[in-house]
There are 2 protein chains.
Amino acid sequence: MGKRENRTKPPDPATLCKSKDPAAVRELLTKVGDKWSIFILLTLEMFPDCRARFSAVEKCIPGISQKMLTVTLRNLERDGMVSREIFPEVPPRVEYQLTKLGETLLEPLQALLDWVNANSEQVRKSQRLFDQK
Amino acid sequence: MGKRENRTKPPDPATLCKSKDPAAVRELLTKVGDKWSIFILLTLEMFPDCRARFSAVEKCIPGISQKMLTVTLRNLERDGMVSREIFPEVPPRVEYQLTKLGETLLEPLQALLDWVNANSEQVRKSQRLFDQK
DNA sequence: CAGTATCCTGCAAGATACTG
DNA sequence: CAGTATCTTGCAGGATACTG
């Protein structure tokens with residue numbers, strides 16, 4: 001994985017996707033690469049026990065709408081990345097927690113976010129150069 | 001990065017994004033997390049010298065349209081992730097190559113794809129459970 | 001071969017209002 | 001508080017045709 005040495009033969013197209021179903025791989029990749037999913041999962045990690053209520057997550061993610069938070073959380077629950085617990089109180093309280101599966105995604109996602117934080121300035125520079133010609 | 005220990009205090013919302021401009025971080029994250037960007041960069045890596053022509057890349061990415069390949073390659077070039085060289089021949093030949101910046105993205109992307117390949121079955125299982133209730 | 005150009009469509013996602 | 005429900009809109013992205 002992540003080999004950098006030169007190759008002398010053209011790659012086999014099947015090498016990238018181990019799956020028989022490339023569309024399914026694409027779809028899941030789209031979901032785990034989604035910005036809101038990434039932010040939500042990494043936000044949950046920051047709380048004690050990887051556990052927080054709806055409003056707490058919302059406060060930590062600038063720019064997310066209530067709708068997108070709801071929708072993305074529901075999808076993450078469906079995918080088995082977070083669990084959802086409802087407390088029968090007034091006013092209502094709902095807590096979300098990373099599952100074990102969700103936790104295994106943290107490292108790759110953090111690596112991606114780290115890359116973005118580290119290189120956004122260089123990317124912007126490249127864009128300016130590209131645009132002025 | 002990627003710490004897993006429990007915390008006792010709620011996180012500072014600013015912790016996730018080191019940038020002053022959260023929207024810019026979101027935007028770049030969206031781009032590097034895009035499925036076509038990921039496939040293109042990882043595909044280029046598989047060629048000798050991380051270098052291949054348009055049609056060769058196209059063959060390696062099942063399901064991508066010519067339009068999306070063109071558009072995504074142009075964006076990657078603009079962001080400084082790939083370089084583009086045109087050979088004045090007939091028929092025309094255009095080669096794309098990973099830049100140094102692009103190569104630094106390979107490891108995080110490969111980790112993400114590895115996760116997808118390793119866990120897609122479990123995610124599907126979770127989805128079936130969720131859907132039938 | 002490696003693109004543009006054009007048309008077209010669905011759906012992602014914002015805004016707003018309502019509620020158990 | 002943590003959601004639904006509804007309406008609306010932009011634009012991602014497919015299909016197709018053309019070209020240096």
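First the proteins, then the strands, lettered A, B, ... as listed; each starts at 1.
Checked against side-chain contact (heavy atoms from CB on, under 4.5 Å), A:Ala24 has the following partners two or more places apart in sequence or in another chain: A:Asp21, B:Arg124. In this structure, the side-chain contact (heavy atoms from CB on, under 4.5 Å) partners of A:Ala56, at least two apart in sequence or on a different chain, are A:Phe47, A:Ala52, A:Arg53. Contacts of A:Trp115 classified as side chain to side chain donor-acceptor pair (under 3.5 Å), with partners at least two apart in sequence or in another chain: A:Asn119, B:Thr104. Applying the side chain to side chain donor-acceptor pair (under 3.5 Å) test to A:Asp131 and every residue at least two apart in sequence or in another chain returns B:Arg78.
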Polar atom pairs between nucleotides 13-17 of chain D and protein, under 3.5 Å, N or O only, would you list them?
residue: D:dG13; atom: N7; partner: B:Lys67; partner atom: NZ; Å: 3.0
residue: D:dG14; atom: OP2; partner: B:Ser65; partner atom: OG; Å: 2.9
residue: D:dG14; atom: O6; partner: B:Lys67; partner atom: NZ; Å: 2.4

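Put simply, B:Tyr96 has a side-chain N or O that comes within less than 4.0 Å of OP1 or OP2 on C:dG3. Residue A:Arg53 places at least one side-chain N or O under 4.0 Å from the OP1 or OP2 atom of D:dA2.
Counting all heavy atoms, side chain and backbone alike, A:Ile40 lies closest to A:Leu73 at CG2-CD2, 3.8 Å. Considering all non-hydrogen atoms of both residues, B:Leu112 and A:Pro108 come closest at CD1-CB, 3.8 Å.
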Pairs of donor and acceptor atoms involving the side chains of residues 60-68 of chain B, under 3.5 Å and at least two apart or interchain, shall be tabulated with distances.
residue: B:Ser65; atom: OG; partner: B:Met68; partner atom: N; Å: 3.2

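With rounding to whole Å, B:Phe54 atom CZ is found 11 Å from C:dC1 atom P. Taking atom CD on B:Glu58 and atom C1' on C:dG3, their separation rounds to 10 Å, with Å as the unit. Going from atom CZ of B:Arg26 over to atom P of C:dA12 covers 18 Å, rounded to whole Å.
Residue pairs satisfying the side-chain hydrogen bond (donor to acceptor under 3.5 Å, both in side chains) criterion with at least one member in residues 80-89 of chain A, sequence neighbours excluded, are listed as follows: A:Arg51-A:Glu85, A:Arg84-A:Tyr96, A:Glu89-A:Arg93. Every pair passing salt bridge (Lys or Arg N to Asp or Glu O under 4.0 Å) that includes a residue from residues 23-35 of chain B is listed here, sequence neighbours excluded: B:Lys31-B:Asp79.
Partner of B:Leu98 under the side chain to side chain contact (heavy atoms under 4.5 Å, CB included) criterion, chosen from B:Leu44, B:Asp49, B:Leu105: B:Leu44.
A donor-acceptor pair under 3.5 Å links the side-chain atoms of A:Thr99 to the main chain of A:Met81, judged by distance alone.
Taking a pair as Watson-Crick or G-U with both hydrogen-bonding distances under 3.5 Å, the stems of three or more pairs touching DNA chain D are C:1-20 with D:1-20.
Within residues 70-93 of chain A, the residues approached by DNA chain D to less than 4.0 Å at the level of any non-hydrogen atom are A:Thr70, A:Arg74, A:Arg84, A:Pro91, A:Pro92, in residue-number order.
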